[in-house]
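Here's the structure, in structure tokens; my notes come after.
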Amino acid sequence: MERSLPKPGVLVVVGAALAACALSACGSQSAAQSGDNLVEGKRLFVERCGSCHTLARAGTTGTQGPDLDAAFRQSLADGFGRSVVRGVVAEQIKHPMGQEMPADLVEGDGVTDVAAYVAISVAKPGDDTGLLATAVESAGSGEPAVAENGVLEIAADPNGRLAYVTSEASAEAGSLTVRMPNESTVDHDIAVENGGVSARGDVVGQGGVSEFTADFAPGEYTYFCTLPGHREGGMEGTLTVR
Ligand code: HEC
């Protein structure tokens, strides 16, 4: 399929066909192959790659590395097939160019699962459907967090997205301890600001809790992750203190 060099407009259709084909385990000369687990590929991509890379279909918003939709749009338009993208991604995982991306973020079948998911997804308009649509819960869509006994708990998105589990929280005025458990593989912290309070917890990795205590007057505050690119990627929410 990659040798047919279709016109740019045609590629979108080809990609959609590939996705459908891969999920029903047909075809072998394509971006996704019969042994690939695309659902696992998406899950791993979100968890291990999405904090640094934007990929619209995966709902990831990282900015430390290149926007993968943008990075591959031109090569797809130039007629390189999606199977070429698959090869580039797999190679980048094993032998990253540049200094910033660690090697072997996924291993074993994870390499081809991630490469296949990225290959069928980059620069493709629309949303994932079927099993892929439910592979990872959407980020930040949890119930609003409500402080109890002076403690407000707002976990980081456990799937590694640049988000907290909820983007809304409320508390009573007074002394408040803000806790952010982090189950994801990406480092995060939590900070709160408005004119009055500006406080933050430590940056913590998987299994850690970022935590601080401060006095809050009634008002609206923003909570956010202070790590570069995380707030910009959507890791923030509104805390209403009454
Ligand atoms: C810590 C941040 C970080 C993580 C995590 C990360 N990358 Fe990267 N990635 C980068 C950076 C930065 C570059 C650009 C090369 C460089 O300067 O290191 C890059 C480059 C790439 C490229 C080449 C893009 C191009 O323009 O050709 C691909 C493909 C890629 N990454 C895929 C992945 C995949 C897949 C994962 C997960 C397994 C991943 N990255 C995880 C930071 C990251």
Side-chain angles (χ1 to χ4, degrees), residues 2 8 11 15 18-19 22 30-33 35-124 128 132 135-136 139 156-163 182-189 203-208 210 225-235:
E2 68 271 21
L11 275 164
L18 278 175
S30 49
Q33 300 175 5
D36 295 332
N37 184 337
L38 291 172
V39 169
E40 181 67 0
K42 180 176 187 177
R43 198 190 63 71
L44 283 171
F45 179 85
V46 169
E47 182 183 290
R48 309 283 167 81
C49 321
S51 63
C52 287
H53 290 288
T54 293
L55 177 60
R57 283 201 163 232
T60 63
T61 51
T63 52
Q64 191 176 336
D67 173 332
L68 294 182
D69 294 311
F72 289 109
R73 186 169 287 122
Q74 189 57 45
S75 47
L76 289 170
D78 289 345
F80 290 98
R82 289 181 178 270
S83 63
V84 174
V85 177
R86 175 195 177 99
V88 170
V89 174
E91 188 58 24
Q92 175 72 10
I93 291 171
K94 288 183 273 189
H95 309 288
M97 57 169 180
Q99 308 292 317
E100 286 177 57
M101 180 170 148
D104 302 319
L105 285 166
V106 292
E107 291 178 300
D109 289 345
V111 176
T112 42
D113 291 345
V114 168
Y117 176 72
V118 173
I120 65 160
S121 306
V122 283
K124 192 162 78 183
D128 280 350
L132 285 177
V136 188
D157 179 69
N159 300 308
R161 290 187 170 167
L162 298 181
N182 184 11
E183 283 174 35
S184 80
T185 54
V186 182
D187 287 358
H188 294 301
D189 67 6
V203 174
V204 296
Q206 193 167 30
S210 181
C225 181
T226 68
L227 291 178
H230 288 202
R231 183 179 190 173
E232 294 77 359
M235 196 157 185

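Scope of the values below: all heavy atoms of this structure, side chains included, with no hydrogens, waters or symmetry mates. Counting starts at 1 for both ligands and their atoms, following the listed order.
Dense packing is recorded around CG of Asp104, with more than 12 heavy atoms of other residues, nucleotides or ligands lying under 6.0 Å away.
Annotation: ligand 1 has protein neighbours Arg48, Cys49, Cys52, His53, Gln64, Gly65, Pro66, Leu68, Ala71, Phe72, Val89, Gln92, Ile93, Met97, Gly98, Gln99, Glu100, Met101, Leu105, Val114, each with a heavy atom less than 4.0 angstrom from the ligand.
Here the options are His53, Arg57, Glu40, the test is side-chain contact (heavy atoms from CB on, under 4.5 Å), and the partner is Phe45; only His53 passes. For the pairing with Glu47, the side-chain contact (heavy atoms from CB on, under 4.5 Å) check across Val106, Thr185, Asn159 returns one residue only, Thr185.
Residues satisfying the side chain to side chain contact (heavy atoms under 4.5 Å, CB included) criterion with Glu232, sequence neighbours excluded, are absent altogether.
Formation of a donor-acceptor pair under 3.5 Å by the Asp187 side chain with backbone atoms of Val203 is not found in this model.
Note that CZ of Arg82 is 7.5 Å distant from OG of Ser121, once rounded to the nearest 0.5 Å.
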